[in-house]
Amino acid sequence: MYTIKRAAELTGISVATLRAWERRYGVVSPKRSDGGYRLYGAEDVRALAIMNSLVNEGWSAREAATETLRRLSSRDAAGKDGRDPRERTHAVPRRVAPLRPGSRYQSEDAEAFIRAAERLDSASATAVLDARFGLGTFEHVVDDWLMPTLELVGEEWAHGRLTVAGEHLVSYAVQRRLAAAYEAASGRADGPTLLIGLPPGARHELGLLAFAVAARRAGFATVYVGADLPAEEWVRAIEARRAAGMVMAVPRHVDIAAARKIVETVNRSHPEVVIGLGGSQQDEIGGSCVHLGHSITVAVGEMSRRLRVPA
Amino acid sequence: MYTIKRAAELTGISVATLRAWERRYGVVSPKRSDGGYRLYGAEDVRALAIMNSLVNEGWSAREAATETLRRLSSRDAAGKDGRDPRERTHAVPRRVAPLRPGSRYQSEDAEAFIRAAERLDSASATAVLDARFGLGTFEHVVDDWLMPTLELVGEEWAHGRLTVAGEHLVSYAVQRRLAAAYEAASGRADGPTLLIGLPPGARHELGLLAFAVAARRAGFATVYVGADLPAEEWVRAIEARRAAGMVMAVPRHVDIAAARKIVETVNRSHPEVVIGLGGSQQDEIGGSCVHLGHSITVAVGEMSRRLRVPA
Amino acid sequence: MYTIKRAAELTGISVATLRAWERRYGVVSPKRSDGGYRLYGAEDVRALAIMNSLVNEGWSAREAATETLRRLSSRDAAGKDGRDPRERTHAVPRRVAPLRPGSRYQSEDAEAFIRAAERLDSASATAVLDARFGLGTFEHVVDDWLMPTLELVGEEWAHGRLTVAGEHLVSYAVQRRLAAAYEAASGRADGPTLLIGLPPGARHELGLLAFAVAARRAGFATVYVGADLPAEEWVRAIEARRAAGMVMAVPRHVDIAAARKIVETVNRSHPEVVIGLGGSQQDEIGGSCVHLGHSITVAVGEMSRRLRVPA
DNA sequence: ATAGGTTTTGTCAAGCTTTTGTACAT
DNA sequence: ATGTACAAAAGCTTGACAAAACCTAT
């Protein structure tokens with residue numbers, strides 16, 4: 001049972017919004033302590049996370065709440081056939097068509113990865129990552145295995161088959177792997193300089209970190225500035241590093257305003273700087289900027305094209 | 001239930017047009033929230049997408065609306081035999097004539113592909129692509145399997161047997177595959193330079209990307225300029241890269257005007273540059289240009305003939 | 001049987017709080033001496049440690065107590081199947097998918113490590129550490145093996161499968177290893193100076209010590225100040241060493257207030273000093289500071305970025 | 001496409017209560 | 001050692017506001 005503060009941290013939703021969603025849409029009804037404090041269970045946190053992801057996809061809050069309840073109830077109904085949900089995890093075949101043996105992109109590793117998360121076994125998770133990244137180019141593995149698998153992990157968690165701790169473990173393991181790859185990719189930075197970061201307040205994003213690695217591997221001199229810089233600081237950083245471009249992720253709906261301001265500010269002061277956008281909310285941002293899509297291969301290619309080829 | 005903004009994003013139709021189509025032709029009758037906001041269901045989005053594709057093919061809006069309703073009602077009539085639509089997905093045989101065993105272009109993989117989309121299983125979709133592209137030349141696989149399969153996917157979606165998310169997943173997987181192939185094809189660019197792109201405002205197109213790969217493989221030095229360049233910028237890019245030719249896709253009816261302007265501008269300033277056209281609306285464009293048809297094998301051959309063999 | 005003072009030392013909880021938890025939540029019911037003094041058994045100490053870890057994760061005290069009792073009772077119930085709990089330790093497979101032999105990140109060593117702790121075999125524990133640190137870079141081994149394994153050790157202890165002495169043995173062995181690595185990393189300190197420590201009253205932390213080693217290896221001139229300095233002393237130390245940055249761990253909930261004060265004081269007197277934060281409570285601290293996350297690779301990279309690059 | 005009005009939704013504030021670590025008195 | 005007291009931190013409810021999104025009609 002989590003306090004409201006903890007629930008807010010776990011879901012990334014503000015405390016005020018948490019209360020508003022409960023009051024207005026009844027998406028959760030947390031238990032109460034004797035004194036009236038809200039006590040959120042794992043079930044509640046999941047419901048909030050689902051609703052949050054829908055809102056970030058562009059649903060209206062009210063509709064997102066309805067859909068969340070619908071999904072959870074349908075899940076419960078499906079689960080009430082007397083079977084242990086744990087069993088079901090392994091009963092559901094995650095891969096249907098048998099592929100030829102030796103194929104490099106089977107999704108067996110995804111299963112092993114998720115099981116490592118279930119057991120909170122960090123070492124095995126790392127082992128899977130090591131094995132995977134040994135099988136193909138970094139970009140290919142990220143686009144075709146890592147990011148889809150992370151989505152799968154999120155789904156498992158949303159269905160209650162994975163604990164919060166399990167999801168965090170996976171996230172940390174991946175972050176460490178990407179950080180190591182980022183370090184390993186340094187050295188051949190003979191290309192133009194790229195600033196890489198997020199709007200202030202956004203959470204750090206694995207996808208953006210993976211992009212940073214790929215950008216380095218493509219020869220860019222990269223500077224990962226994280227989620228700390230307000231608009232004016234972006235400008236100052238561009239000047240200090242004589243950056244030719246910048247790439248910013250816009251992962252959540254609430255990040256849109258801050259991202260817009262940064263794009264406008266940079267557009268005005270440095271119109272020659274190419275601004276690339278990533279993240280699920282990238283299309284909400286206008287102005288002079290490039291929407292890079294959702295594949296790091298494509299995104300890096302796009303930035304290369306813009307910065308290597310003088311108009 | 002999507003907000004009007006989200007529905008506009010999903011279909012690529014502007015919010016104002018969405019309201020006009022509803023008012024004038026009644027193609028959709030979205031539910032309303034208590035406050036009167038429109039709420040679009042998956043059914044509505046499909047209707048709009050069908051109408052949009054018709055309009056893009058050149059139909060008048062009114063005719064397109066009638067046809068859309070006709071198609072949907074006939075589908076509903078056919079569907080009202082009491083069967084679960086989900087069952088039907090697997091009951092409908094997707095392959096009619098049995099091919100000789102061992103034939104390289106059976107459509108079993110198409111089925112596996114679509115099932116991966118149903119399950120939102122990115123890894124399996126990628127596995128199918130890998131398997132397919134291992135079986136023949138890039139050009140052959142694209143013309144004879146990929147593009148037809150993508151049409152099949154679109155059809156499945158239009159019939160409600162595939163979610164929006166499923167269709168996006170497929171689209172992204174293909175885009176990643178093509179991007180990788182584009183990168184892999186670089187290196188042997190000893191031929192003339194080709195600019196490849198779309199009119200400003202058009203959506204990026206998988207067919208055009210596939211053409212870019214094939215052009216590279218044929219020895220052209222390709223520059224993929226995307227959908228960003230207005231007419232004058234095309235001219236400037238031609239000069240900067242000393243391009244011998246350019247290829248532009250005209251996928252939608254609304255792109256015709258912009259495409260015409262580009263062709264005219266390039267014709268006037270650089271009459272020696274060969275202009276190739278692709279996309280479903282290619283025949284709407286006149287002037288001095290080549291209509292490349294709908295096969296990338298043919299299209300690349302055509303461009304090679306024009307640019308290698310001096311007239 | 002421990003006195004209340006000793007129990008307070010073992011768990012890191014103040015004597016007053018120990019009594020309050022007993023009175024208010026009944027989380028433990030220690031025996032009493034003839035004179036009425038509390039006498040804590042190993043079982044009691046574990047309960048208190050579990051509750052303490054939950055409180056440090058952000059649970060409310062009352063909820064943490066309930067959860068602690070729940071966990072202990074469920075454990076007892078599970079344990080009453082007549083089997084020696086010792087056997088169960090080995091029956092639970094810690095690694096499922098067989099990895100290719102020779103892989104560097106199997107978790108067999110973790111098992112050997114825990115067995116050394118069980119047998120109070122300091123030499124074996126050290127041997128495992130030596131073997132591990134020989135297999136990869138210091139940073140990689142810490143992030144991907146040492147820290148996860150220490151978590152595993154904590155879990156074993158919480159389940160009663162490891163004694164207090166066993167856990168201490170492990171802790172000391174690791175501390176010795178890290179201290180040796182810290183010494184070994186000296187010499188090449190040509191970079192900016194970094195102060196490394198904890199808020200007063202906090203326990204020394206293995207994670208922070210590991211960070212200190214990695215910082216040295218990255219070229220920082222490091223000064224490990226431990227948990228002794230109050231806010232004003234941090235300022236004085238910064239001035240005396242002309243430090244460019246400082247890194248502080250915030251491991252427990254009770255450390256938050258002291259940590260906040262230090263950050264505020266340093267921010268006010270030396271706004272140019274970069275403050276990095278680690279530990280599970282790092283996100284509770286605001287002000288001008290950098291949250292370094294939970295990977296020493298990432299953390300050192302972050303500090304390098306901030307201090308090598310003049311704004 | 002614009003104008004003018006409405007709905008939706010995240011955030012905040014005021015005033016009050018509960019919780020909890022620590023301190024004090026017996 | 002025990003019991004009471006206290007103050008800081010965190011939570012609760014109600015009400016309100018402002019920006020964004022949406023509506024209709026012209």
Side-chain angles (χ1 to χ4, degrees), chain A residues 1-9 12-25 27 30-40 51-52 54-56 58-65 201 252-257 260-261 284, chain B residues 1-9 14-20 22-23 30-40, chain C residues 3-5 8 12-25 27 30 32-39 51-52 54-56 58-66 201 252-258 260-261 284:
Chain A
M1 293 301 211
Y2 303 103
T3 63
I4 194 171
K5 188 183 173 192
R6 187 84 184 117
E9 285 171 7
I13 309 167
S14 82
V15 169
T17 304
L18 234 40
R19 283 196 275 249
W21 283 3
E22 177 186 337
R23 174 162 33 108
R24 292 205 258 243
Y25 318 118
V27 63
K31 283 190 197 157
R32 299 295 184 122
S33 76
D34 292 339
Y37 278 27
R38 285 169 180 81
L39 297 172
Y40 294 84
M51 169 152 177
N52 194 38
L54 289 175
V55 168
N56 282 340
W59 291 56
S60 78
R62 170 154 275 125
E63 286 298 311
R252 302 176 307 171
H253 196 252
V254 285
D255 299 320
I256 292 174
R260 276 194 185 131
K261 190 181 170 197
E284 300 297 318
Chain B
M1 293 301 211
Y2 303 103
T3 63
I4 194 171
K5 187 184 173 192
R6 186 83 184 119
E9 285 171 8
S14 81
V15 169
T17 307
L18 235 40
R19 282 195 275 250
E22 176 186 338
R23 177 161 33 93
K31 284 189 196 157
R32 298 294 184 123
S33 76
D34 292 339
Y37 279 26
R38 285 169 180 80
L39 296 172
Y40 294 83
Chain C
T3 64
I4 193 171
K5 188 181 171 193
I13 309 166
S14 81
V15 170
T17 304
L18 233 40
R19 283 197 273 252
W21 283 2
E22 177 186 336
R23 174 163 33 96
R24 289 187 185 139
Y25 318 118
V27 64
R32 298 298 182 120
S33 74
D34 293 340
Y37 281 22
R38 273 165 253 258
L39 295 172
M51 170 151 177
N52 193 38
L54 290 175
V55 168
N56 282 340
W59 291 54
S60 77
R62 169 152 276 122
E63 285 299 310
T66 311
R252 302 176 307 168
H253 196 252
V254 284
D255 300 321
I256 293 173
R260 277 194 185 130
K261 190 181 170 196
E284 301 297 318

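A, B, ... follow the sequence lines: proteins, then strands. Residue 1 opens every chain. Scope of the values below: all heavy atoms of this structure, side chains included, with no hydrogens, waters or symmetry mates. No experiment lies behind these values; they were computed from the predicted model shown.
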Could you state the atom-to-atom distance from CD1 of A:Ile4 to C1' of D:dT19 in whole Å?
-> 15 Å
Would you mind telling me which of E:dG11, E:dT24, D:dG10 lies closest to the side-chain atoms of B:Arg38?
-> E:dT24
Taking atom P of D:dA23 as reference, at what distance in whole Å does atom CZ of C:Arg23 sit?
-> 14 Å
Assign A:Arg6 to base, sugar-phosphate, or nothing according to its heavy-atom contacts below 4.0 angstrom with the strands shown.
-> nothing
E:dA21 base / B:Tyr37 side chain donor-acceptor hit below 3.5 Å = yes
What one should report as the nearest heavy-atom pair of A:Gly12 and A:Arg252 is O-NH1, 3.8 Å
Residue-phosphate contact under 4.0 Å: C:Tyr25 side-chain N/O, D:dT19 OP1/OP2 | no
Spacing of NE2 belonging to A:His253 relative to CG belonging to A:Leu54, to within rounding of 0.5 Å = 13.0 Å
Scan A:Ala61 against the nucleic acid and name what it touches under 4.0 Å (heavy atoms): base, sugar-phosphate only, or nothing.
-> sugar-phosphate
Please give, in whole Å, the distance from D:dT20 C1' to C:Asn52 CG?
-> 14 Å
Per atom distances to the B:Ser33 side chain, the nearest of D:dT8, D:dT20, E:dC12 is D:dT8
Base, sugar-phosphate alone, or nothing: which one does B:Arg32 contact when heavy atoms must sit under 4.0 Å apart?
-> sugar-phosphate
Nearest-nucleotide pick for B:Lys5, side chain only, options being E:dA21, D:dT20, D:dG10 = E:dA21
Between atom CD in A:Glu22 and atom P in E:dT14, what is the gap in whole Å?
-> 12 Å
Could you check which of D:dT9, E:dT14, D:dT20 has an atom nearest any side-chain atom of C:Ser60?
-> D:dT20
Side-chain heavy atoms of B:Tyr37 within contact of A:Glu63, under 4.5 Å | no
Which whole-number value in Å describes the distance from C:Ile13 CD1 to D:dT20 P?
-> 14 Å
Nearest-Å distance for atom pair NZ/P, residues C:Lys261 and E:dA8 = 15 Å
Starting at atom CZ of A:Arg62, determine the distance to atom P of D:dT7, rounded to an integer number of angstrom.
-> 13 Å
Does the pair C:Arg19/C:Glu22 count as a salt bridge with the N-to-O cut at 4.0 Å?
-> no
Under 4.0 angstrom between A:Thr3 side-chain N/O and E:dA10 OP1 or OP2 | no
C:Thr17 side chain, from C-beta outward: closest of D:dG10, E:dC23, D:dT22 = D:dT22
Atom CZ in B:Arg6, atom OG in A:Ser60: separation rounded to 0.5 Å?
-> 12.0 Å
Per C:Arg24 side chain, nearest of listed nucleotides E:dA5, D:dT8, D:dT11 = E:dA5
Comparing C:Gly35 with C:Ala257, nearest DNA chain E nucleotide closer to 5' gives the residue C:Gly35
Tell me whether the OP1 or OP2 atom of D:dT9 has a side-chain N or O from A:Trp21 closer than 4.0 Å.
-> no
Interatomic distance where CG belongs to C:Leu18 and C1' belongs to D:dT22 [whole Å] | 13 Å
Assign each of C:Val254 and A:Glu63 the nucleotide of DNA chain D bearing its closest heavy atom; nearer the 5' end lies the nucleotide of A:Glu63
Would you tell me if any nitrogen or oxygen in the side chain of A:Ser14 comes within less than 4.0 Å of OP1 or OP2 on D:dG10?
-> no
Of A:Leu39 and B:Val15, the one whose closest DNA chain E nucleotide lies more 5' = A:Leu39
Are any side-chain N or O atoms of C:Arg260 and backbone N or O atoms of C:Glu284, one a donor and one an acceptor, separated by less than 3.5 Å?
-> yes
Any N/O donor-acceptor pair, C:Arg19 side-chain to D:dG21 base, under 3.5 Å | no
